[in-house]
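First up is the structure itself, then whatever we jot down about it.
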Amino acid sequence: MAKVRRIATTSFQFGDLRRPDCYQAERDMVLHFIERAGAAGVDILLFQEELGFFAVAASAWEERKYFAPGELRSDLPPLLKSPAELAVGKDESYVSAVQAAARRHHVNVVLPILEQADGRLYNALLPITWDGECKPPYRKRHPVQGELNSGICAGENAAVCELAGIKVGFSICFDMNFDDVFRAAKDAGAELMLWASMWMGGGWLRARALQYGFPMVSATPDGCSFVDMDGSVLVESYSLYPQTCGQNNLMYEDLNFDRAVFHSLADGRLNDIVKKYGRAVHIRNRPQECICILESLESGPSLRQLKEEFGLTEYYQFIRQSERLLAQH
């Protein structure tokens, strides 16, 4: 049986860092997108990395047609506040406002914050349920040098939490380069990986989705992507979408989570599944990668039932079993 959830992601820049009200404009825009997501029936809404809000919008520059948010420039205005001054705790008014908006619009929100906790500063994603509950934050495990120099610490917390009945894993920006983040999430049962960043990810998104067998959804100031569990791109905004079009965007897709990646051979049992269940299941075959996605549709048995009935092992688990076997020899 299908397990469909509507996942949404955003990409925006809020204004000119030379203006003292720019930080409040960011927070107002977050609340605006939660309202829009609620009207669209979104289950889970992801925002870009908190540091991704600090890029100056193209409208702040006369030469905007040449502007790229990721470009290193010597004439960019400095932050009006330090990361420590921008940090918030779970009990502060901004977080409370997002909790109230999540409840009002019935949306699970993955909120980027600079988190102040126990005397330490973290670059974090704070999951807030549609009931307004704050889940344990995901704290970026691999801060870059500039973050470390500004007092941001590396996180060591759990990799997944449940939102809308889905086990969700998280990663932030530079984390993309490190296997431990994605392996920990997958081993903890992640069905979906959310990546908030300042850069778009490109081939890395596709590689991680293919390697670990979960959909990857990104949010960055330059654009957003939905990548399926076999590494194929479902939809993406083109580079600098909000800037070149002069507007903000909300992208969402309906994803079925009663699916998994298997070896395309699977000892011939995939043919047996199709023979018995026909149109109640769907198989997307990827022979070049020697994998396939087995999907249970609305009228069909659950994926768990299919795995038990036909003795199937998911591809990632097959790889892990091979690693353990190799270690014994």
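Annotation: cation-pi pair K186/Y316 present, NZ/CZ under 6.0 Å from the ring centroid and within 45° of its normal. R269 forms no cation-pi arrangement with F310, by the criterion of a distance under 6.0 Å to the ring centre and an angle within 45° of the ring axis.
Shortest non-hydrogen contact noted between F226 and A8 is CZ-CA, 4.4 Å. Between A190 and G169 the shortest heavy-atom distance is CB-N, 4.0 Å. Nearest heavy atoms, Y122 versus R120: OH-CD, 3.3 Å. In plain terms, the two heavy atoms of C134 and V95 that are nearest each other are SG-CG1, 3.9 Å. Residues A209 and M216 approach most closely at CB-CG, 3.7 Å, considering heavy atoms. The shortest heavy-atom contact between M200 and G223 is CE-CA, 4.0 Å.
Rounding to the nearest 0.5 angstrom, the gap separating the CG atom in N108 from the CH2 atom in W130 is 5.0 Å. Rounding to the nearest 0.5 angstrom, the gap separating the CG atom in L303 from the CG atom in L312 is 8.0 Å. The distance from atom CD of E50 to atom CD1 of I152, rounded to the nearest 0.5 Å, is 9.5 Å. One finds the OH atom of Y315 at 8.5 Å from the OG atom of S264 (value rounded to the nearest 0.5 Å). Distance check: I7 CD1 to D254 CG gives 8.5 Å after rounding to the nearest 0.5 Å. Remark: S225 OG to L205 CG distance equals 5.5 Å, nearest 0.5 Å.
Within a 6.0 Å radius of NZ in K3, more than 12 heavy atoms belonging to other residues, nucleotides or ligands are found. Heavy atoms of other residues, nucleotides or ligands lying less than 6.0 angstrom from CD of Q145 number 12 at most. Atom CZ of F318 is surrounded by 12 or fewer heavy atoms from other residues, nucleotides or ligands within 6.0 Å.
A salt bridge links K276 and E309; the closest N-O separation between the charged side-chain nitrogens and carboxylate oxygens is under 4.0 Å. We find that R259 and E191 are not joined by a salt bridge, their nearest charged nitrogen and carboxylate oxygen being 4.0 Å or further apart. Classification of D258 and R304 as a salt-bridged pair fails, no side-chain N sitting under 4.0 Å from a carboxylate O. Between E156 and R141, none of the side-chain N atoms (NZ, or NE/NH1/NH2) sits under 4.0 Å from a carboxylate O, so this pair counts as no salt bridge. At a threshold of 4.0 Å, the pair D43-R6 does not count as salt-bridged, since none of the basic side-chain nitrogens sits closer than that to a carboxylate oxygen. Salt bridge annotation for R104-E35: absent, with no cationic side-chain nitrogen under 4.0 angstrom from a carboxylate oxygen.
Every residue two or more places apart in sequence or in another chain was checked for a salt bridge (charged side-chain N to carboxylate O under 4.0 Å, His left out) with D131, and none qualifies. Residues passing the salt bridge (charged side-chain N to carboxylate O under 4.0 Å, His left out) test with D175, sequence neighbours excluded: none. In this view, R286 and D230, E289 satisfy the salt bridge (charged side-chain N to carboxylate O under 4.0 Å, His left out) rule, not counting sequence neighbours.
Between V227 and L234 there is no side-chain heavy-atom pair separated by less than 4.5 Å. A heavy-atom distance below 4.5 Å is found between the side chains of M193 and V181. For the pair R27/L31, no side-chain contact is recorded, criterion being any heavy-atom separation below 4.5 Å from C-beta on. Contact annotation: the side chain of E49 never approaches that of P112 to less than 4.5 Å [non-hydrogen atoms, C-beta and beyond]. For the pair V235 and M251, the minimum side-chain heavy-atom distance is below 4.5 Å. Within the 4.5 Å cutoff, no side-chain heavy atoms of V109 are placed close to those of L126. Contact annotation: the side chain of I291 approaches that of L210 to within less than 4.5 Å [non-hydrogen atoms, C-beta and beyond]. Two residues are said to be in side-chain contact when any heavy atoms from C-beta on lie closer than 4.5 Å; C292 and R284 fail this criterion.
Placement of V107 and I128 within a single hydrophobic cluster is found when ILVMFWY residues are connected by side-chain heavy-atom separations under 4.5 Å, directly or transitively. Under the 4.5 Å side-chain contact rule for hydrophobic residues, M229 and V281 do not share a cluster. A single hydrophobic cluster is seen to contain both Y94 and M29, as judged by linkage of ILVMFWY side chains at heavy-atom distances under 4.5 Å, directly or through other members. In the hydrophobic clustering of this structure, V217 does not group with I293; members are Ile, Leu, Val, Met, Phe, Trp, Tyr whose side-chain heavy atoms approach within less than 4.5 Å, directly or through other members. One hydrophobic cluster, built from ILVMFWY side chains closer than 4.5 Å, cannot hold both L297 and L306; they sit in different ones.
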Check: Between L46 and W195, does a side chain to side chain contact (heavy atoms under 4.5 Å, CB included) hold up when you go through it step by step?
Finding: CA-CA 8 Å; L46 172 67; W195 182 63; 5.8 Å; no
Next item on the list: Please assess L45 against V110 for the test side chain to side chain contact (heavy atoms under 4.5 Å, CB included), listing each intermediate value before the final yes or no.
Entry: CA-CA 6 Å; L45 172 62; V110 181; over 6 Å; no
Next item on the list: Quick one: do F33 and L250 satisfy side chain to side chain contact (heavy atoms under 4.5 Å, CB included)? Show the steps, please.
Entry: CA-CA 7 Å; F33 271 109; L250 175 73; 3.9 Å; yes
Next item on the list: Would you please test R139 and L125 for side chain to side chain contact (heavy atoms under 4.5 Å, CB included) and show each step?
Entry: CA-CA 7 Å; R139 295 162 177 166; L125 292 173; over 6 Å; no
Note to self: Would E314 and K307 count as a salt bridge (charged side-chain N to carboxylate O under 4.0 Å, His left out) here? Give the steps.
What the structure shows: CA-CA 9 Å; E314 293 183 27; K307 289 167 63 175; 2.8 Å; yes
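Judged by distance alone, the side chain of E308 and the main-chain N or O of Q305 form no donor-acceptor pair under 3.5 Å. Within the 3.5 Å criterion, the main-chain N or O of W199 finds a donor-acceptor partner in the side chain of S197. Put simply, the side chain of R5 gets close to the backbone of A164: a donor and an acceptor are under 3.5 Å apart. E147 contributes no side-chain N or O that, together with a main-chain N or O of G151, makes up a donor-acceptor pair within less than 3.5 Å. Remark: side-chain polar atoms of H106 are not paired, donor with acceptor, to backbone N or O of A102 under 3.5 angstrom. Checked by atom type and distance alone, the side chain of N177 pairs as donor or acceptor with a backbone atom of F174 at under 3.5 Å. Panel note: side chain S232, backbone D228; no donor-acceptor pair is recorded below 3.5 Å. Between the side chain of S237 and the main chain of C224, a donor-acceptor pair closer than 3.5 Å is present.
You'll find the ring centres of H142 and F178 inside the 6.0 Å limit.
Side chain to side chain, R208 and Q211 meet the donor-acceptor criterion of an N or O pair below 3.5 Å. Side chains of N256 and E295: a donor-acceptor N/O pair is present below 3.5 angstrom, by distance only.
Relative ring orientation between Y212 and F182 is described as parallel, the plane-to-plane angle staying below 30° on a 0-90° scale split at 30° and 60°.
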